[in-house]
Amino acid sequence: MEDTEKIVEEAVKEAEAASDSRALYEVKMKFLGRTGKVTALLKGMREIAAELRPAFGKKVNELREALEAKFAAREESLKRKEMEEKLAGENLDVTMPGRRRAAGALHPVTRVKNQLIDIFAGMGFEVYEGPEIESDYYNFTALNTPADHPARDMQDTFYVTEEFLLRTQTSAGQIRVMEHKKPPIKVLSPGRVFRSDDDATHSPMFHQMEGLVVDKGITLCDLQGMLDEFARVMFSETSKTRLRPSYFPFTEPSVEVDVSCAACGGKGCSLCKGTGWIEVLGAGMVNRRVLENCGIDPEEYTGFAFGMGIERIAMLKYGINNIKLLTENDVRFLKQFQE
Ligand code: PHE
């Protein structure tokens, strides 16, 4: 009987001292486990006088129940403490600002190219992309610019061989289209072009967007109507165009097209050098010689063509003052074109 009192005392002390639920389990086994001290008391019953056994048995059972309750209570408080510690360690401040992920964006040249395609696709144009390495025939001869033509000089050309060159203009695609397709034709031809030319507004590689329309009764008015719509959507609601006489071997008459300056609204500023107008593209009525070269009867069909520099449009639209910025891939520059 005295032993039992001592065991209770000892068990309670050790249970209190257990610092975590694992240690507590060890203590519990030490007393209540199969080889534990309380279990040993029950096993020792045989050695006790028969008349004392019921009282002793009762006492030990009470002891066991009391200890079980004690262990359960201690275990609950330890588990709660452990859970609190775990939660504190995993503390998450949901009000903290998230880490931003840098998102890529379309290059301004791609952006303007897509916008141009959108504008002209809305007028029924389809897209054709010609090869970047062209033959002399498609780039020049078929475009009414034979070998001895002085206009070849205007386009300082990179030749690959005697016959092949890096195309100097997307106009080469006009011929490829007209050779394969009979009117009505309404084609848009974007792509890279190459010229031995290099300063703040010229780059040896740049992009052009070519347009070609061939059908019965096409006039210069159709060209200007479409370009007005282009200027309105690309630059501003109040943008206007004006045509000035120019020269290209493959168009007759030929024009240079100006758009009213979107920066000053046409009053004159540093961007338009005080004129109120900015040159954006070359165009004209397709020269009958070119139609003939492609087997299209110029008595039956007429057409117009235009070609614009995509970098130039992007520079005007976004106020970029050096064409090199468009190829340097400086993220600080490119970041400004995220929407
Ligand atoms: N190909 C000409 C250039 O690169 C532009 C142009 C295209 C002019 C179509 C007239 C018609 O300068």
Side-chain angles (χ1 to χ4, degrees), residues 109 113 116 120 125 127-132 134-146 149-158 165-178 185-199 201-215 218-224 226-227 230 241-259 278-291 293-294 296 298 301-313 315 323:
V109 167
K113 177 181 122 177
L116 284 167
F120 288 99
F125 283 71
V127 173
Y128 165 82
E129 288 184 48
E132 290 175 4
E134 259 303 2
S135 72
D136 181 286
Y137 175 78
Y138 286 105
N139 195 82
F140 289 126
T141 311
L143 286 163
N144 200 33
T145 318
H149 199 292
R152 284 200 180 204
D153 251 12
M154 293 197 316
Q155 300 190 352
D156 311 273
T157 311
F158 292 116
L165 48 97
L166 301 181
R167 68 176 169 196
T168 63
Q169 49 189 355
T170 43
S171 302
Q174 286 185 32
I175 306 300
R176 291 183 178 271
V177 168
M178 287 188 283
I185 293 170
K186 244 184 177 181
V187 165
L188 207 54
S189 195
R192 287 194 188 98
V193 298
F194 307 84
R195 294 183 197 179
S196 176
D197 210 352
D198 201 6
D199 61 35
T201 54
H202 296 85
S203 153
M205 184 283 292
F206 62 102
H207 297 76
Q208 283 189 327
M209 181 66 82
E210 190 89 7
L212 173 71
V213 173
V214 183
D215 202 352
I218 296 294
T219 72
L220 213 55
C221 284
D222 299 311
L223 170 68
Q224 190 162 22
M226 286 192 182
L227 293 178
F230 143 74
T241 61
R242 97 179 160 180
L243 308 185
R244 280 180 293 108
S246 185
Y247 175 79
F248 299 102
F250 38 92
T251 47
E252 181 60 36
S254 299
V255 293
E256 228 128 61
V257 181
D258 299 339
V259 172
I278 291 177
E279 185 195 321
V280 292
L281 59 95
M285 298 305 292
V286 181
N287 192 306
R288 55 185 299 133
R289 299 275 273 284
V290 175
L291 294 174
N293 287 343
C294 301
I296 295 174
Y301 296 104
T302 53
F304 67 74
F306 62 82
M308 61 180 93
I310 299 180
E311 279 81 354
R312 189 171 166 72
I313 305 287
M315 288 170 80
I323 196 169

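Everything numeric in this text was worked out from a predicted model, so none of it was measured. Heavy-atom basis, side chains included; hydrogens, waters and symmetry copies ignored. Both ligands and their constituent atoms are indexed starting at 1 by order of listing.
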- Item | Atom pair OG (S203) and CG (D198), whose distance is rounded to the nearest 0.5 Å |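 Rounded to the nearest 0.5 Å, the OG-CG separation comes out at 6.5 Å.
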- When you measure from the centre of the six-membered ring of Y138, is the NZ or CZ of R167 under 6.0 Å away and within 45° of the axis?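 Verdict for Y138: no cation-pi partner in R167.
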- Could you tell me whether a side-chain N or O of Q169 sits under 3.5 Å from a main-chain N or O of N139, the two making a donor and an acceptor?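 Looks like yes, one N/O pair under 3.5 Å.
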- Message: Are the side chains of F194 and P204 in contact, using a 4.5 Å heavy-atom criterion?
- Response: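 They are not in contact (no side-chain heavy atoms under 4.5 Å apart), so the answer is no.
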- Message: Any donor-acceptor pair under 3.5 Å linking the side-chain atoms of D258 with those of T241?
- Response: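 Distance-only check fails for T241 and D258.
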- Message: So if I apply the side-chain contact (heavy atoms from CB on, under 4.5 Å) rule between M308 and each of I313, T170, V280, which one comes out positive?
- Response: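 Result: among I313, T170, V280, I313 is the only option passing the side-chain contact (heavy atoms from CB on, under 4.5 Å) with M308.
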Measure and list all N/O to N/O distances between ligand 1 and the protein that fall under 3.5 angstrom.
| unit_1 | atom_1 | unit_2 | atom_2 | d |
| --- | --- | --- | --- | --- |
| ligand 1 | 1 (N) | Q169 | OE1 | 2.9 |
| ligand 1 | 1 (N) | S171 | OG | 2.8 |
| ligand 1 | 4 (O) | R195 | NH2 | 2.7 |
| ligand 1 | 4 (O) | Q208 | NE2 | 2.9 |

